[in-house]
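The sequence lines fix the lettering, A, B, ..., with proteins before strands; numbering per chain opens at 1.
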Amino acid sequence: MTVERYNPAETEPAWQAVWEKNGIFQTGNDDPRPKYYVLEMFPYPSGRIHMGHVRNYTMGDVVARYKRAKGFNVLHPMGWDAFGMPAENAAMERGIHPAKWTYDNIAAMRKQLKSMGLSIDWDREFATCDVEYYHQQQKLFLDFLKAGLVDRKNRKVNWDPVDRTVLANEQVIDGRGWRSGALVEQRELTQWFFKISDYSEDLLQAIGRLERWPEKVRLMQSNWIGRSEGLQIRFALEPDTAPEGFSELEVYTTRPDTLFGASFMAVAPDHPLARKIAETNTQAAAFVAECQRMGTSLADIEMAEKRGYDTRIRVAHPLIEGHTLPVFIANFILMDYGTGAIFGCPGHDQRDLDFARSYDLPVIPVVLPDGADSAAFTIENEAFTGEGLMINSAFLDGMTIPEAKEAVADKLSKAAFEGEPQAERQVNFRLRDWGISRQRYWGCPIPIVHCCDCGAVPVPEEDLPVRLPDDVSFDKPGNPLDRHSAWKEVPCPKCGRPADRETDTMDTFVDSSWYFARFAAPRAKTPTELTAVDAWLPIDQYIGGVEHAILHLLYSRFFTRAMRKTGHCSLDEPFDGLFTQGMVCHETYKDAEGHWVFPEEVVIEDGVARQRETGAPVTIGHIESMSKSKKNVIDPDHIIERYGADTARWFMLSDTPPERDIVWTEAGVEGAWRFVQRIWRLVAEASEEISPTVENGGDTGESKRAQDIRRTAHRALASVEDDIDKLHFNRAVAQVYELSNQLYGYWNGREAIPFTPADSAAMREALTIMVQLFAPMMPHLAETCWQALDKKNLVSNAAWPVLDESLLEQTVITLPVQVNGKKRGEVTVPKNADKSDIETAALELEGVLRAIGEKPVRKVIVVPERIVNVVA
RNA sequence: GCGGGCGUGGCGAAAUUGGUAGACGCAAGGGACUUAAAAUCCCUCGGAGGGUAACCUCUGUGCCGGUUCGAGUCCGGCCGCCCGCACCA
């Protein structure tokens with residue numbers, strides 16, 4: 001019999017319409033079933049989806065559909081991370097309003113996502129640029145402000161003097177603004193900060209409890225938070241050398257043990273002491289200015305020579321009576337970390353050593369490497385940072401490093417000569433407060449009014465939202481809000497006198513730090529609805545790219561804590577399970593002139609690549625992650641048009657483990673397409689030939705073949721279940737392939753020995769299971785097959801098949817038999833056979849006897865239900 | 001520099017966590033069907049060697065060594081690649 005080819009162009013939109021009409025993916029908040037919240041990181045509405053989206057949302061959809069079948073009330077929403085610079089760039093380049101550009105893009109991408117057949121509750125959709133969303137975000141800001149979680153302070157920022165805006169570090173390329181190309185300046189600006197550093201310790205500690213997070217991400221966050229334990233020491237300035245108002249210099253160190261090796265002090269160029277000196281000392285001022293011009297890019301830092309300016313100030317060594325140390329302003333000291341000042345111990349810190357060599361400062365070794373001779377030990381060009389025992393250090397001599405650290409901390413933190421302790425133990429973090437001010441139009445306005453008399457005044461809640469004005473122009477650089485006087489000039493909410501709105505908007509990372517909570521009650525008149533958010537969170541499975549391992553995921557963890565503190569939710573960890581998927585890659589192509597060429601324009605025959613139109617030769621380059629700039633992109637729309645969404649989804653899940661990068665190949669897609677057709681042929685043919693009435697009528701116990709068919713199906717069921725639970729989609733795919741191959745085998749076998757009614761019933765059951773196993777991955781094909789199998793409901797609504805455990809049990813098992821660790825045969829024995837019986841059977845095998853030869857059998861190891869090994 | 005991960009056929013990968021290495025897919029080769037092609041189906045497919053044959057032998061998971069009856073998996077030492085952070089005191 002011939003079966004018509006499966007035509008996804010027809011079936012896919014039809015099934016999508018059926019799903020939508022029946023609203024089967026809409027999720028209620030008052031459902032008695034256990035909840036399961038699966039979320040993929042929401043997309044930025046750039047205009048078109050790319051293959052990375054296809055991979056990400058396919059994985060999430062498999063989990064969502066699987067959990068739904070398993071009886072969970074599944075929340076699987078979608079939204080848009082819609083604020084940000086590209087919309088403004090479009091406005092500047094093409095004169096389109098950012099809002100129009102964004103909402104047009106959303107419409108286009110929503111259509112594309114729907115064509116993938118994702119089981120999403122579209123009723124909960126929102127964009128972060130919707131006024132309803134950023135209104136609530138402004139409330140959160142005010143609540144955070146009230147709770148003391150917001151700060152306003154000066155901070156150095158990257159300033160682009162041409163575009164007149166602050167740039168993120170990622171937007172500074174080789175010291176120049178990425179758009180304007182202008183040399184970026186370091187400027188101090190007053191900015192709004194979220195006090196994430198208040199939670200440094202908590203955010204770090206809690207990482208230990210994130211068991212369903214990738215180890216890699218947990219480590220990255222730990223390192224980013226960067227906890228260190230040390231000693232904060234105050235060095236007394238020599239009074240006759242110190243400027244007015246300065247009597248001591250505070251430093252933070254993790255190596256108090258090396259204090260006797262100190263030979264200088266250094267402060268950051270923007271340290272208060274350095275500034276004070278620069279006020280009156282032109283040479284110092286020149287040096288500070290030079291440091292500030294220095295770029296912040298990696299290359300600059302690597303190239304930069306350690307340089308300093310000797311201030312002539314001296315400090316007293318806290319442990320050596322009468323000994324003083326010079327104080328430098330140095331270009332390698334960061335004001336951001338610790339106290340912005342250090343003591344330099346050249347013997348045991350490479351940076352300090354480089355500096356000491358340039359300025360001819362003493363190098364005193366104080367830690368002796370194990371086994372070295374103290375008389376002969378000197379430091380040349382490499383500082384010693386290893387383990388050892390203390391030398392040249394008075395009362396510390398002979399101690400280990402930890403002992404010496406303790407001893408110094410002890411001594412200095414107890415009241416010293418004058419009664420005041422000179423130091424205290426201190427824990428420091430690398431994590432900085434989160435600066436959220438952006439000099440941008442297309443973002444959430446910060447709800448603050450600046451008044452000459454009252455200062456920064458929060459906009460009263462009843463006056464929210466602070467809406468973005470529509471009538472803005474992008475013909476000049478800078479922030480259009482700044483020059484929009486009708487919007488900007490308002491009376492002070494407190495005193496009523498003329499005042500100015502805050503014209504900065506929030507970092508878009510704020511928007512994405514709580515959207516997952518908003519999905520629980522997306523239309524609520526408060527940021528969250530407490531019962532809903534507490535019922536849905538934490539997210540059971542969050543899926544996204546590893547590029548968000550630090551920023552987005554850390555900010556969201558902070559935000560959840562802040563929301564808890566302000567009563568907007570009752571938990572502090574938003575993401576129970578996290579999965580970071582790999583990227584989608586493709587070969588790259590270049591023409592003779594070295595221009596990138598799209599894969600669609602390339603034909604490859606016998607390994608030789610040519611341009612489709614012209615036949616001109618093309619060189620095949622490296623496989624790299626898909627990017628517009630290299631043109632190695634495949635448009636998901638074209639793939640869906642040609643092969644259907646199921647083929648694209650199936651290919652995305654096949655072969656490569658989800659956390660690794662996948663290479664998109666034409667041949668691979670063709671393979672997936674062939675499988676779609678193969679499945680359809682099997683199901684269509686078999687379902688037509690086997691009457692549905694046999695389903696429950698057959699006596700399955702009668703036929704060995706029926707038993708085998710059922711066993712095959714249930715084994716696959718157990719495996720696929722396990723694989724999806726562990727997100728091992730590539731293995732689940734392999735299981736489905738294997739099952740379909742086996743079922744084909746049985747089906748073709750009927751030509752030799754016709755099916756009994758029991759066989760037919762078993763076949764029907766097996767096919768039903770097979771369709772359900774791939775339904776989460778290829779939902780449209782599954783619905784069509786389901787219909788062919790005469791099922792009345794939708795497979796998307798069907799309960800997951802129940803595993804018949806009894807079929808997995810085996811009464812006889814086949815054990816491999818090894819001789820000295822090499823396989824020489826196998827024995828088939830009853831499952832509960834005695835070890836001695838197994839041994840006897842194994843020693844009778846021809847291959848085993850041949851391998852043993854003349855050697856005596858020394859030992860036979862029988863591992864029950866595993867293996868037999870004969871030692872000869 | 002610091003931290004982490006990974007090395008298995010021509011390729012993507014499996015291997016129940018110490019128990020038959022290479023499941024499954026792609027590519028390749030051979031065959032069937034066809035006037036032909038597409039589609040489909042069957043066979044072969046880590047390497048070397050042997051046999052008329054069903055098969056047999058040796059070898060093989062980056063390299064060297066160790067533990068074990070048994071190592072892709074555990075331990076020690078190298079080599080190579082990838083990722084993250086990076087003047088953090």
Side-chain angles (χ1 to χ4, degrees), chain A residues 2-3 5 214-224 226-228 230-231 251-256 258 266 268 296 298 300-302 304-306 330-334 336-345 348-352 354-355 385 428-432 546-547 549-550 650-651 654-657 659-663 665-672 674-675 677-678 681 719 722 728 730-741 744 748 814-826 846-847 850-851 858-863 865-872:
Chain A
T2 52
V3 168
R5 275 168 85 82
E215 187 56 31
K216 179 192 164 96
V217 175
R218 300 202 298 173
L219 254 154
M220 281 165 73
Q221 290 213 353
S222 296
N223 292 339
W224 187 264
R227 184 182 197 273
S228 74
L231 199 62
V251 306
Y252 172 76
T253 178
T254 56
R255 292 297 302 271
T258 64
T296 47
L298 293 181
D300 289 340
I301 290 165
E302 255 164 44
E305 202 186 322
K306 303 274 177 290
N331 64 348
F332 67 100
I333 309 301
L334 306 172
D336 273 1
Y337 189 78
T339 62
I342 62 148
F343 76 77
C345 175
H348 304 285
D349 182 295
Q350 193 57 45
R351 292 156 303 168
D352 297 350
D354 296 344
F355 189 80
T385 54
N428 248 331
F429 295 93
R430 211 185 71 107
L431 182 63
R432 303 270 71 91
V546 74
E547 66 273 18
I550 297 176
W650 186 250
F651 175 72
S654 305
D655 298 343
T656 304
E659 68 277 9
R660 278 188 229 174
D661 289 353
I662 191 170
V663 181
T665 62
E666 184 71 17
V669 183
E670 290 283 351
R674 280 198 298 272
F675 183 67
Q677 296 300 339
R678 187 174 153 83
R681 275 195 306 276
S719 303
D722 187 51
H728 292 162
N730 57 319
R731 297 208 301 217
V733 163
Q735 290 294 342
V736 174
Y737 268 111
E738 202 165 352
L739 174 61
S740 72
N741 288 343
Y744 248 110
N748 291 332
T814 301
L815 295 179
V817 180
Q818 299 181 330
V819 177
N820 295 331
K822 285 195 181 102
K823 191 198 164 193
R824 299 297 177 182
E826 15 184 71
E846 193 193 324
R850 193 168 44 224
R858 287 197 282 140
K859 209 197 306 185
V860 179
I861 292 155
V862 178
V863 183
E865 294 177 49
R866 268 283 152 77
I867 203 165
V868 180
N869 193 12
V870 180
V871 187

Worksheet item: Do the numbers put A:Lys306 on top of the ring of A:Phe332, so that NZ or CZ is under 6.0 Å from the six-membered ring centre and no more than 45° off the axis?
Response: yes

Original post:
Looking at A:Phe343, does the NZ or CZ of A:Arg255 lie under 6.0 angstrom from its six-membered ring centre and within 45 degrees of the ring axis?
Top reply: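 Here A:Arg255 fails the 6.0 Å and 45° test against A:Phe343.
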
Would you indicate which nucleotide in [options] comes nearest to any side-chain atom of [X]?
| X | options | result |
| --- | --- | --- |
| A:Ile550 | B:G19, B:C85, B:U20 | B:C85 |
| A:Gln818 | B:A89, B:C41, B:G19 | B:G19 |
| A:Arg824 | B:A14, B:C88, B:U57 | B:U57 |
| A:Ile867 | B:A13, B:U20, B:A39 | B:U20 |
| A:Val863 | B:C88, B:A89, B:G19 | B:G19 |
| A:Arg850 | B:U57, B:A39, B:C85 | B:U57 |
| A:Arg866 | B:U17, B:C88, B:A13 | B:U17 |

Would you measure the distance from the [atom1] atom in [N] across to the matching atom in [M] and give it in whole Å?
| N | M | atom1 | value |
| --- | --- | --- | --- |
| B:G25 | B:C64 | C1' | 35 Å |
| B:C63 | B:C79 | P | 15 Å |
| B:G84 | B:G47 | C1' | 39 Å |
| B:U73 | B:G18 | P | 11 Å |
| B:A38 | B:C33 | C1' | 13 Å |
| B:G3 | B:C78 | P | 14 Å |
| B:C56 | B:G19 | C1' | 24 Å |
| B:G77 | B:C87 | C1' | 33 Å |

Side chain [X], main chain [Y], donor-acceptor under 3.5 Å:
| X | Y | result |
| --- | --- | --- |
| A:Arg432 | A:Asp336 | yes |
| A:Tyr744 | A:Arg678 | yes |
| A:Gln818 | A:Val870 | no |
| A:Asn869 | A:Gly821 | yes |

Considering every strand and a 4.0 Å limit on heavy-atom distances, what is the contact class for [X]: base, sugar-phosphate, or nothing?
| X | value |
| --- | --- |
| A:Arg858 | nothing |
| A:Ile333 | base |
| A:Leu334 | base |
| A:Arg432 | nothing |
| A:Lys823 | base |

Salt bridge or not between A:Arg850 and A:Glu846? Use side-chain N to carboxylate O under 4.0 Å.
yes

Taking Watson-Crick and G-U wobble contacts under 3.5 angstrom, with | marking pairs to another strand and [ ] crossing pairs, the secondary structure of RNA chain B is written (((((((..(((......[....))).(((((.......))))).(((((....)))))..(((((..]....))))))))))))....

Rounded to whole angstrom units, what separation is found between the [atom1] atom of [X] and the [atom2] atom of [N]?
| X | N | atom1 | atom2 | answer |
| --- | --- | --- | --- | --- |
| A:Asn223 | B:C2 | CG | C1' | 9 Å |
| A:Asn869 | B:G19 | CG | P | 13 Å |
| A:Trp650 | B:G12 | CH2 | C1' | 15 Å |
| A:Phe651 | B:A13 | CZ | P | 11 Å |
| A:Asp336 | B:A86 | CG | C1' | 14 Å |
| A:Arg227 | B:A89 | CZ | P | 13 Å |
| A:Asp352 | B:C88 | CG | C1' | 13 Å |
| A:Ile342 | B:C87 | CD1 | P | 14 Å |

Protein-proximity profile, nucleotides 59-67 of chain B, B/S/- by nucleotide at the 4.0 Å heavy-atom cutoff, equals S--------

Heavy-atom contacts, protein to nucleotides 24-34 of chain B, under 4.0 Å, summarised as B (base), S (sugar-phosphate only) or - (none) per nt, yield SSSS-------

The glycosidic conformation of B:G9, counting syn as within 90° of 0 and anti otherwise, is syn

Classified by glycosidic angle (syn within 90° of 0, else anti), B:U17 comes out syn

Using a cut-off of less than 4.0 Å, is there contact between a side-chain N or O of [X] and OP1 or OP2 of [N]?
| X | N | value |
| --- | --- | --- |
| A:Arg660 | B:A13 | yes |
| A:Arg218 | B:G4 | no |
| A:Arg681 | B:C41 | yes |
| A:Asn730 | B:A14 | yes |

Ring-ring centroid check A:Trp224 A:Phe429, cutoff 6.0 Å
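Not under 6.0 Å, so no.
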
Assert: residue with more 5' nearest nucleotide on RNA chain B, out of A:Asp349 and A:Ala851, is A:Ala851

If you pin A:Glu215 and A:Thr656 to their nearest nucleotides in RNA chain B, which one's is more 5'?
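The residue closer to the strand's 5' end, by nearest nucleotide, is A:Glu215.
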
- [ ] Give a yes-or-no answer on whether the side chains of A:Asn223 and A:Arg218 include a donor-acceptor pair shorter than 3.5 Å.
- [x]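 Side-chain D/A pair, A:Asn223 to A:Arg218: absent.
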
Closest heavy-atom contact between [X] and [Y]?
| X | Y | answer |
| --- | --- | --- |
| A:Ala341 | A:Val251 | O-CB, 3.5 Å |
| A:Ile867 | A:Leu815 | N-CD2, 4.1 Å |
| A:Val546 | A:Lys216 | CG2-CE, 3.8 Å |

| query | How long is the span from the OG1 atom in A:Thr339 to the CG atom in A:Leu334, to the nearest 0.5 Å? | reply |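 The distance works out to 11.5 Å.
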
Less than 4.5 Å apart, any side-chain heavy atom of A:Asp354 and any of A:Asp352?
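No. Closest side-chain heavy atoms not under 4.5 Å.
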
Classify the ring geometry of A:Tyr337 against A:Tyr252: parallel below 30°, tilted from 30° to 60°, perpendicular beyond 60°.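 The arrangement is perpendicular - the two ring planes meet at more than 60°.
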
N/O donor-acceptor pair, side chain A:Lys306 with base B:C87, under 3.5 angstrom |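 Between B:C87 and A:Lys306, which were checked side chain against base, a qualifying N/O pair under 3.5 Å is present.
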
